[in-house]
Structure formats: structure tokens, C-alpha cells
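One structure is given here, and the rest of the page talks about it.
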Protein chains: 2
Amino acid sequence: MKKKFTISTEDYLKTIYELTENGESASTNALAQKLKISAPSVTGMIKKLASAKPALVEYQKHQGVTLTREGKRAALEVIRHHRLLEAWLVQTLGYSWDEVHEEAERLEHVISEDFEQRIAAAMGHPTRDPHGELIPTADLKMPPEDSTPLSALRPEQSGTIQCVKAADTDLLRYLESLGLIPGAAIEVKDYSPFDHNLTVKVGRKTVVLGLNVTSKIFIAM
Amino acid sequence: MKKKFTISTEDYLKTIYELTENGESASTNALAQKLKISAPSVTGMIKKLASAKPALVEYQKHQGVTLTREGKRAALEVIRHHRLLEAWLVQTLGYSWDEVHEEAERLEHVISEDFEQRIAAAMGHPTRDPHGELIPTADLKMPPEDSTPLSALRPEQSGTIQCVKAADTDLLRYLESLGLIPGAAIEVKDYSPFDHNLTVKVGRKTVVLGLNVTSKIFIAM
DNA sequence: AACAAAATTTAGGAATACCTAAATTTTATG
DNA sequence: CATAAAATTTAGGTATTCCTAAATTTTGTT
Ligand SMILES: [Mn+2]
Ligand SMILES: [Mn+2]
Ligand SMILES: [Mn+2]
Ligand SMILES: [Mn+2]
């Protein structure tokens with residue numbers, strides 16, 4: 001029953017899931033950029049994924065790809081591994097939230113289902129990773145997420161940071177230094193319509209954040 | 001400074017180390033058998049390892065291989081990873097000694113030096129893995145081992161089990177059921193010269209062990 | 001020493017997953 | 001709507017690492 005995929009295949013499926021999850025289309029170029037692989041290589045690979053038996057993606061030339069049932073299953077399996085590993089690295093080995101991504105990126109492909117179960121149980125079956133992102137359940141369903149990007153908030157709106165969708169070490173360290181971490185209460189004070197800057201109060205501090213930052217922070221209200 | 005090797009390369013170097021460590025020669029066939037790869041594939045690979053810059057093995061046709069300084073370093077790095085991981089899996093995730101090998105076999109190739117240091121520190125820098133095998137030090141020296149194979153002992157000799165050199169799940173479970181684990185005190189009661197069977201007292205039990213078993217158990221006296 | 005068996009290497013090939021350069025298709029714009 | 005720009009695919013390769021079949025070399029035995 002359990003299919004074994006290559007590391008490449010798993011990274012493609014995971015990336016396709018993450019692109020389409022956010023509403024973006026999983027185009028050749030988008031995949032090439034996220035995976036740091038040339039566009040022609042991506043075309044070749046998605047053809048292979050599309051003609052696998054069973055097919056892992058649906059593909060029509062020049063139209064990008066979507067995951068099939070099988071492809072989505074495989075993607076969620078890898079994402080579950082990744083996020084459980086991140087949580088585990090933070091909780092048991094003292095990694096900080098900006099250090100875990102790279103390590104999990106490699107480990108996610110080699111741990112057994114037994115390992116997955118053991119770390120999940122050891123942590124009491126957490127539902128979110130250190131960045132606040134939802135961990136797919138053991139039966140590979142992604143729980144519903146109800147948060148709003150900070151970039152969509154306007155003055156006088158407030159809430160709590162639910163998750164930060166970023167892997168970049170420097171950005172994560174910067175956000176942490178400002179107290180912009182999951183659980184933090186924030187309130188929008190001002191909005192500049194032309195540059196999309198938001199003035200945000202977090203704790204005692206007030207900071208001005210550009211769209212590059214506000215689009216990656218998700219708020220529960 | 002740090003070189004990155006492929007998983008295949010690391011498994012070859014580790015296997016060559018383990019064969020030569022025990023005095024056996026790392027012949028094409030021995031490698032093929034241990035790695036479960038065909039003999040022609042092994043010939044091809046050792047040629048590549050020999051012509052790498054810097055060379056990882058010394059190779060003369062029909063004579064097998066030995067590790068160069070560089071090759072030995074790389075082998076010890078992988079072995080350190082493997083044995084630290086085995087210890088970590090047992091101590092923090094409740095794996096038993098017969099379950100850890102497979103998992104460590106895959107993880108050993110993907111963990112960072114940071115991960116290695118963190119688990120070593122978390123365990124208080126252990127010197128032996130769950131099978132009693134020595135863990136190479138952080139500066140990649142293999143500590144000296146002073147144990148004797150049980151197969152070399154004769155009646156009235158006794159000692160303590162230092163390590164069990166085996167990866168086979170069934171054998172390890174069998175040995176554990178007999179109390180033949182590191183730290184156990186044993187005494188040789190009888191020897192059958194023709195079949196090399198040893199009658200050994202361990203705890204309250206007395207068991208007869210063949211060469212297949214006694215050659216894998218190492219005793220400190 | 002000659003021959004058979006065993007070990008090893010050579011030859012030829014396959015699968016995976018990348019790449020660059022060039023051609024094609026889609027899309028955006030004046 | 002024609003054409004330039006952008007996106008995508010096709011064509012042709014490379015690097016790894018594995019395979020089987022056949023040839024060669026070494027080893028062991030009369
Ligand atoms: Mn990955
Ligand atoms: Mn994360
Ligand atoms: Mn391995
Ligand atoms: Mn071990």
C-alpha cells in the first residue's frame with residue numbers, strides 16, 4: 001500500500017501543495033523558482049509525475065499542475081514529517097525557529113512512519129509547528145485554518161499572530177527580535193495606501209512593516 | 001574544508017572501514033555482499049572512489065581496497081553519526097536495540113554537524129552505542145578497543161560482554177532474550193572443538209552458542 | 001603444471017534528475 | 001490586432017549509480 005517516492009519527487013509534490021494551497025497556480029516557473037531548479041528540468045519532471053501510475057499530478061501543457069488524490073496524500077505525508085520534525089527539533093534539541101527549516105528539509109525524506117509516530121506521541125500530538133503552521137493529522141488531513149494575512153488588516157483591527165509563513169533565517173530572526181511570533185497580540189495603528197505599509201503595535205513597541213513582511217504573518221481575530 | 005559526499009559514497013566508505021577494521025580485506029565480493037550491490041557495480045564505484053581528488057581509497061586491480069586518510073576520515077564521520085543516532089533513538093524515543101539500525105542507516109547521511117553536536121551533548125557525549133560499539137570522537141579518532149571475541153574464550157575463562165557486532169533484528173532479539181547484552185557477566189563452561197560450540201553461563205542460565213553467535217559477541221576480561 | 005572454480009573486471013545499458021540553448025506558445029501592450 | 005516580452009517546452013547533453021552478460025584474471029586442486 002505505502003508507496004516510496006524519491007527525495008526529488010517528494011520535494012516537488014510538497015512545493016506544488018504549498019503553492020496551490022495559497023491559491024497561486026503551480027506553474028513551471030513558480031516551481032522552478034521555489035525548487036531552485038531550471039524551468040526545463042521542471043517541465044521534464046512534471047511530465048514524469050503526470051505519467052506515473054498512479055498519476056501524482058494533473059498536467060496540461062502551459063497550464064501548470066494540480067495534485068491528484070495520490071499526489072496530495074504524498075505531499076501531506078512529507079509536510080507532516082517536516083512540521084513534526086521542526087517542532088521536535090525545537091522542543092527536544094533546543095533549535096530556534098530560524099534554524100529548523102534546513103534540517104527538517106533533509107530529514108523529512110528519510111524518517112520512517114515509526115519515527116513519525118514516536119515523535120508525535122512524545123510531543124503529545126502537536127497541531128502546529130514552531131512557526132504556527134498546521135501539522136497534517138496522522139490520517140493525512142489538513143485541519144482548517146481560519147487566519148487572515150496581516151496585510152489585509154486596517155487601522156483599529158487587532159488580533160493574535162497565528163503563524164508566520166517564512167523559512168528565511170534572517171527574516172525569522174528579525175521578526176523574533178520585534179516580538180512578532182505566534183501568540184503575540186497585535187493591533188494595527190496606521191496604513192499607508194501607496195506603499196502598503198502597516199504601523200503595528202506589538203507589546204510596548206510600534207513598528208512599521210512592509211508588504212513583504214505583512215503578507216507572511218497570519219492573524220487570528 | 002568539509003567535503004560533502006553522496007549517500008552511496010558514504011555507505012561504501014563505512015563498509016570498507018568496517019571490513020578492514022576486523023582484519024578482513026575489503027574485496028570486491030565482500031563489499032558487494034555487505035552493500036547488497038552487484039560485484040560489477042562495486043568495481044565501478046571503487047574505481048571512482050580511487051580516482052576522486054583527493055582519493056578516498058587505494059585500489060589495485062584484483063586486490064581490493066584500503067581507505068586513504070581522507071576516506072578514513074569520511075568513514076569515521078558516518079560511523080559517528082550512525083552510532084550517536086542509535087544511542088539517541090534508544091535513549092529519547094524508546095527504540096529497542098534491534099530496531100535502531102535501519103533508521104540510523106538512513107539518518108546518518110542527512111544530519112548536520114550541528115545536529116550531531118546537539119545529540120552528543122544532550123546524551124553527555126556517550127562513548128558507546130546501544131550495541132556497545134565505540135563511537136568515534138568528535139575529532140574523528142576511534143578509541144582503542146580491548147575486547148576479545150567470545151569465540152576465542154575457553155572453559156573457565158570469564159568476563160563481561162562489551163559489545164555485540166550485529167545488525168540483524170532477529171539475532172539481536174534472540175540475544176536479548178538470553179540476557180546476552182552489553183554489561184552482562186558470562187563464564188565459559190565447555191567447548192566442543194569440532195563444531196566450535198561454546199557452553200556459556202549468563203546469569204542463571206546456561207546456553208550453547210555456535211560460532212555464528214560467539215564470533216559476534218565481544219568480551220572484556 | 002594444467003585445469004576448473006571463484007573472483008574480478010570489461011562491455012554495454014538503464015533509470016533518475018539535473019543542465020543550457022533554441023524553438024514554440026501564451027500574454028501583455030501599444 | 002500585431003508584435004514584443006514572458007513563459008514554457010523541445011532538443012540534446014551530463015553525472016550518478018545501478019544492472020546483466022561475457023571476458024579475464026586469480027586461486028586452488030589434482
Ligand atoms: Mn526536502
Ligand atoms: Mn515551519
Ligand atoms: Mn547508510
Ligand atoms: Mn550499533
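Here is the naming used below: chain letters follow the sequence lines, and residue numbers restart at 1 for every chain. If you're wondering where the values come from, they're calculated on a predicted model, not measured in any experiment.
A cation-pi contact, defined as under 6.0 Å to the ring centre and within 45° of the axis, links B:Lys165 to B:Phe218.
Residue B:Thr28 has a polar side-chain atom (N or O) positioned under 4.0 Å from OP1 or OP2 of C:dT9. An OP1 or OP2 oxygen of C:dA17 is reached within less than 4.0 angstrom by a side-chain nitrogen or oxygen of A:Thr6. OP1 or OP2 of D:dT8 lies within a sub-4.0 Å distance of a side-chain N or O belonging to A:Asn29.
Where A:Thr9 and B:Val42 each meet DNA chain C at their nearest nucleotide, the meeting point lying more 5' is that of B:Val42. Looking at which nucleotide of DNA chain C each of A:Lys61 and A:Ile7 is closest to, the 5′-most match is held by A:Ile7.
Closest to the side chain of A:Ser38, from the set C:dT20, D:dT25, C:dA7, is C:dT20. Minimum atom distance to the side chain of A:Lys48 is reached by C:dT16, of the listed C:dT20, C:dT16, C:dT25.
Residues B:Glu113 and B:His81 have side chains that bring a donor and an acceptor to within less than 3.5 angstrom of each other.
Among the protein residues, B:Ser8 comes within range of the sugar-phosphate backbone only, with heavy atoms under 4.0 Å from sugar or phosphate atoms but none that close to a base. B:Thr43 comes within contact range of at least one nucleobase, with a heavy-atom separation under 4.0 Å.
Distance, B:Met45 CE to D:dT17 C1': 7 Å, rounded to whole Å.
Residues B:Phe5 and B:Leu56 have side chains in contact (heavy-atom distance under 4.5 Å, counting atoms from C-beta outward).
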